[in-house]
Amino acid sequence: MGQPLHLKAYAKVNLGLDVLRRREDGYHEVRMIMQTVKLFDHITMKKNTCGKIRLSCNLPYLPLNEKNLVYRAIDVIRNTYHIKDGVDADIEKHIPVAAGMAGGSTDAAAALVGMNQLFSLGISQDTLCEYGGALGADIPFCIMRGTALCEGIGELLTPLPSIPSCWFLIVKPSFSMSTKFVYQHLHLDNNTKHPDIDGMISAIREENLIGITRRMGNVLEQVTQKHYPAIGQIKNDMRKLGALNALMSGSGSTVFGIFPSKDAARTAAEHFYNNPGIRQIAVVRPFNKSQHSKPKKRRAFHERER
Ligand code: ATP
């Protein structure tokens with residue numbers, strides 16, 4: 001039924017992650033600098049006549065039912081717009097799972113954008129972000145993409161200018177991390193070292209890469225480094241191998257380093273190839289929104305591949 005739609009669902013890293021407090025409803029109030037990176041899952045969507053949502057995925061352990069965020073995103077749009085047709089969605093995962101890179105959230109963001117295109121619904125980006133926010137706090141950012149300050153529980157977005165040219169080395173250890181576990185074990189007190197988020201925003205506005213990397217910090221590392229010293233080890237290795245700085249992304253376990261050149265990032269990546277404690281390695285650029293908003297590419301909010 002019709003042509004399949006091919007979408008790229010990009011991962012994010014947190015250049016800075018601060019937790020201000022735990023709210024009475026259990027959510028944590030955060031201030032984060034989010035950056036989209038060019039590591040992506042492929043999502044292929046197609047209408048079907050059986051009237052059902054059918055998912056497929058290259059990773060056998062991911063759920064293919066309503067537990068998958070892609071299913072929920074498709075379902076919300078079908079219900080809201082009274083769509084009778086079913087949808088087949090194939091998820092080709094490349095983003096590490098349960099790794100602090102918003103893999104599930106970005107797949108859901110792509111699915112919302114894909115439904116809008118597949119059924120020519122003309123939904124505005126703001127409204128898509130509202131549907132996304134109801135499914136997960138990171139989803140509005142994954143719809144918007146680029147560089148942004150995220151506040152509240154992650155849903156209040158302020159777009160920021162693109163960061164200067166650089167390369168990310170992304171290293172996922174063989175262990176995964178549960179976001180719930182990390183937040184449950186986070187204890188904020190007067191000794192908590194908070195990253196300088198405002199300083200980082202200024203450095204971004206000044207296009208000062210050194211100023212940005214100097215202010216990289218993640219308050220959740222105080223939990224994960226205690227339970228998983230390997231995270232601190234990978235960060236140290238990256239710095240010794242020429243990273244301007246290195247940090248755990250989100251609630252982990254992924255660690256990323258920022259390098260001034262592709263060669264430097266690739267050379268550092270070689271160090272991790274034969275390490276049995278490492279599951280995935282990628283060298284990628286930041287996703288720069290202005291490069292993706294030239295008129296000829298504006299037919300879709302998420303870039304179509306073919
Ligand atoms: P975040 O950075 O937003 O905390 P994460 O990168 O730590 O997210 P995900 O990769 O999104 O974590 O996966 C978390 C859980 O979500 C997984 O254990 C998985 O079972 C579930 N999940 C549901 N849908 C997906 C999806 N499309 N891709 C990956 N995981 C999914």
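Every number for a ligand or one of its atoms is a count from 1 in the order of the listing.
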Novice: Quick one: salt bridge (charged side-chain N to carboxylate O under 4.0 Å, His left out) partners of Arg214, sequence neighbours excluded?
Specialist: none

Novice: Which salt bridge (charged side-chain N to carboxylate O under 4.0 Å, His left out) pairs, counting each pair once, include a residue from residues 107-116, with sequence neighbours left out?
Specialist: Lys93-Asp107

Novice: Hey, are Asp41 and Lys8 close enough for a salt bridge, meaning a charged N less than 4.0 Å from a carboxylate O?
Specialist: no

Novice: Not counting sequence neighbours, list each pair that qualifies as a salt bridge (charged side-chain N to carboxylate O under 4.0 Å, His left out) and has a residue in residues 251-271.
Specialist: none

Novice: Using a strict 4.0 Å threshold on nitrogen-to-oxygen distance, state whether Asp18 and Arg31 make a salt bridge.
Specialist: no

Novice: Would you call the rings of Phe168 and Phe256 parallel, tilted or perpendicular, where under 30° means parallel and over 60° means perpendicular?
Specialist: tilted

Novice: Write 'none' if nothing qualifies; otherwise put on separate lines each N/O atom of ligand 1 with a protein N/O atom under 3.5 Å away and their distance to 0.1 Å.
Specialist:
unit_1, atom_1, unit_2, atom_2, d
ligand 1, 2 (O), Met101, N, 3.4
ligand 1, 2 (O), Ala102, N, 2.9
ligand 1, 3 (O), Asp138, OD2, 2.9
ligand 1, 4 (O), Thr179, OG1, 3.3
ligand 1, 6 (O), Ala99, N, 3.4
ligand 1, 6 (O), Gly100, N, 3.2
ligand 1, 6 (O), Met101, N, 3.1
ligand 1, 6 (O), Ala102, N, 3.1
ligand 1, 7 (O), Ala99, N, 3.3
ligand 1, 7 (O), Gly100, N, 3.0
ligand 1, 10 (O), Ala98, N, 2.9
ligand 1, 11 (O), Gly104, N, 2.8
ligand 1, 12 (O), Ala98, N, 3.4
ligand 1, 24 (N), Asn68, OD1, 3.2
ligand 1, 24 (N), Leu69, N, 3.1
ligand 1, 27 (N), Asn68, OD1, 3.0
ligand 1, 27 (N), Asp107, OD2, 3.0
ligand 1, 28 (N), Lys93, NZ, 3.0
ligand 1, 28 (N), Asp107, OD2, 3.4

